[in-house]
Protein chains: 2
Amino acid sequence: MDKKYEALRLKNQLCFPLYAVSNMITRRYKPLLDKLSLTYTQYIVMMVLWEAAPVNEKFLCEALCLKTNTVTPLLKKLEEKGYIVKTKDKEDERNLVIDLTERGAALRDDALCVPGTIAREFHITEEEAMFLYTILYKMLEQDSSDNNN
Amino acid sequence: MDKKYEALRLKNQLCFPLYAVSNMITRRYKPLLDKLSLTYTQYIVMMVLWEAAPVNEKFLCEALCLKTNTVTPLLKKLEEKGYIVKTKDKEDERNLVIDLTERGAALRDDALCVPGTIAREFHITEEEAMFLYTILYKMLEQDSSDNNN
DNA sequence: CTTAATTATATCGCACGCGATATAATTTGT
DNA sequence: ACAAATTATATCGCGTGCGATATAATTAAG
């Protein structure tokens with residue numbers, strides 16, 4: 001009789017550990033990011049900007065797999081903190097030009113220790129990390145081809 | 001010069017694809033769970049209950065790696081929908097006894113198709129799924145030993 | 001050339017997650 | 001036995017995520 005419901009058991013889901021690990025990661029980052037006055041989501045926005053600023057909002061949304069209704073308020077927060085500035089693109093006034101302030105750019109050096117600290121907390125092998133990375137990106141790519149985000 | 005910031009690039013993070021895939025999964029579940037009037041988080045609560053009801057809140061929190069301040073409001077919602085009932089434990093009045101209503105128990109059959117539908121959407125091999133499952137649980141176990149949740 | 005479609009961003013409302021804190025019931029220490 | 005510590009649950013406030021919808025700027029179509 002239990003056979004019928006076997007697939008519905010929490011322990012037989014792949015989605016649940018993904019969800020739980022993702023929550024766990026956010027919790028792990030918090031104490032580190034508190035020192036930079038950043039949340040986890042704000043941190044990944046800053047990572048994109050450190051690498052590619054200036055960018056528009058659409059670029060950010062695609063890079064982070066997030067929607068505009070998540071990113072717009074995030075940018076407002078980062079602007080309030082003085083890490084970024086938003087201006088309108090003269091060429092096409094629909095476009096937002098999002099750029100780092102001096103303070104936002106300087107924050108990059110304070111963040112340098114974060115990846116290593118987090119990595120050291122997860123006791124998985126280099127091989128496991130590589131595999132995980134590969135399959136997760138495979139799933140993400142598949143998503144963007146399935147739907148038209 | 002770029003070498004210095006290599007570790008801070010979004011593409012070199014393991015955490016980001018975990019976060020993005022987790023968000024993606026919630027989005028994928030939504031249309032299926034809408035039919036059951038459940039959110040993703042409510043769904044995993046129900047999965048625990050279908051298997052183990054009656055349980056107390058602490059048990060739920062541990063099973064789902066969530067805190068009481070997330071679970072308490074969830075239970076209120078599920079109670080309003082008529083899927084669960086909450087009573088006090090006569091033995092120890094601190095304990096909540098959370099149990100399924102007839103309607104909540106019946107919902108299990110409507111949910112039977114969900115795992116298969118989701119699984120079919122993710123085009124990963126059985127082997128990849130197994131590996132993913134194993135390493136994610138390894139990370140979760142490590143978390144509960146590192147911290148004292 | 002002007003109306004319709006498209007594109008980029010913003011707003012609204014709802015449901016999480018969680019740190020911090022509070023409250024009520026039970027257990028422990030002396 | 002009774003004050004102090006512990007345990008289970010609840011409340012508050014903030015920051016996401018996102019579906020639905022709105023708005024403003026640009027482009028396409030007839």
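Order of the sequence lines fixes the chain letters, A, B, ..., with proteins taken first and strands second; residue numbering starts at 1 for each chain.
In this entry the distance linking NZ of A:Lys58 with C1' of D:dT26 reads 14 Å, nearest Å. The CG atom of B:Asn23 sits 11 Å away from the P atom of D:dG19 (whole-angstrom rounding). Atom pair B:Asp89:CG and D:dT7:P shows a separation of 17 Å (rounding to whole Å applied). Going from atom CG of B:Asn56 over to atom P of C:dT26 covers 14 Å, rounded to whole Å. One interatomic measurement links the two molecules: CD of B:Glu62 to P of D:dT9, which rounds to 10 Å at whole-angstrom precision. If you take CG of A:Leu60 and C1' of C:dA8, they are 13 Å apart, rounded to a whole angstrom. As rounded to whole Å, 15 Å separates atom P of C:dG17 from atom CD of B:Glu57. Remark: C1' of D:dG17 and CG of A:Leu64 are 12 Å apart, rounded to the nearest angstrom.
In terms of phosphate contacts, A:Thr70 brings no side-chain nitrogen or oxygen within less than 4.0 Å of OP1 or OP2 of D:dG17. At least one side-chain nitrogen or oxygen of B:Lys76 sits closer than 4.0 Å to the OP1 or OP2 atom of D:dT11. Contact check, B:Tyr19 against D:dT16: no side-chain N or O comes under 4.0 Å of OP1 or OP2. Between A:Arg27 and the phosphate of C:dC18, there is a side-chain N or O to OP1/OP2 separation shorter than 4.0 Å. Listed pair A:Lys67 / D:dC18 fails the phosphate criterion, with no side-chain N or O lying under 4.0 Å from OP1 or OP2.
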Listed pairs, N/O of protein and of nucleotides 20-22 of chain D, under 3.5 Å:
from, atom 1, to, atom 2, distance (Å)
D:dA20, N6, A:Asn69, ND2, 3.3

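The aromatic rings of A:Tyr29 and A:Tyr43 sit tilted, their planes meeting at an angle between 30° and 60°. Classification of the A:Tyr40-B:Tyr19 ring pair by plane angle, with boundaries at 30° and 60°, yields perpendicular.
A:Tyr5 and B:Ile44 fall within the same hydrophobic cluster, defined by Ile, Leu, Val, Met, Phe, Trp and Tyr side-chain heavy atoms under 4.5 Å apart, directly or through other members.
Residue B:Pro73 is the one, among B:Pro73 and A:Thr26, whose nearest nucleotide of DNA chain D lies closer to the 5' end (criterion: closest heavy atom).
In terms of heavy atoms, B:Thr134 sits closest to B:Met130 at OG1-O, 2.8 Å.
Contacts between residues 29-53 of chain A and DNA chain D, defined by a heavy-atom separation under 4.0 Å, are made by A:Thr39, A:Thr41, A:Gln42. Interface residues of residues 90-100 of chain A facing DNA chain D, ordered by number: A:Glu91, A:Asp92, A:Glu93, A:Arg94; criterion, heavy-atom separation under 4.0 Å.
When the nucleotides D:dT16, D:dG17, C:dC18 are ranked by their closest atom to the side chain of A:Leu74, D:dT16 comes out on top. Listed nucleotides: D:dA10, C:dA15, C:dC18. Nearest to the side chain of B:Leu66: C:dC18.
By the 6.0 Å contact criterion, CD on A:Glu80 is enclosed, its count of non-hydrogen atoms from other residues, nucleotides or ligands being greater than 12. The number of heavy-atom neighbours closer than 6.0 Å to CZ of B:Phe59, taken from other residues, nucleotides and ligands shown, is 12 or below.
Shown here are the side-chain hydrogen bond (donor to acceptor under 3.5 Å, both in side chains) partners of B:Lys81, two or more places apart in sequence or in another chain: B:Gln42. Taking the side-chain contact (heavy atoms from CB on, under 4.5 Å) definition, one finds that B:Ala106 meets it with nothing, sequence neighbours left out.
Proximity of a side-chain donor or acceptor of B:Gln13 to a complementary backbone N or O of B:Ala7 within less than 3.5 Å is detected.
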Just list the side-chain donor-acceptor pairs under 3.5 Å for residues 90-99 of chain A, sequence neighbours left out, or say none.
from, atom 1, to, atom 2, distance (Å)
A:Asp92, OD1, A:Arg94, N, 3.0
A:Asp92, OD1, A:Arg94, NE, 3.1
A:Asp92, OD2, A:Arg94, NE, 3.4
A:Asp92, OD2, A:Arg94, NH2, 2.7
A:Asn95, OD1, A:Asn56, ND2, 2.7

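Contact check on B:Glu6 versus B:Arg9 returns a salt bridge, with a Lys/Arg side-chain nitrogen under 4.0 Å from an Asp/Glu carboxylate oxygen.
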*asked:* With salt bridge (Lys or Arg N to Asp or Glu O under 4.0 Å) as the criterion, how do A:Glu51 and B:Lys11 come out once you've worked through the C-alpha distance, each side chain's angles and the decisive distance to 0.1 Å?
replied: CA-CA 11 Å; A:Glu51 232 189 301; B:Lys11 288 287 178 223; over 6 Å; no
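When heavy atoms are screened at a 4.0 angstrom cut-off, B:Phe59 is found touching no nucleic acid atom at all.
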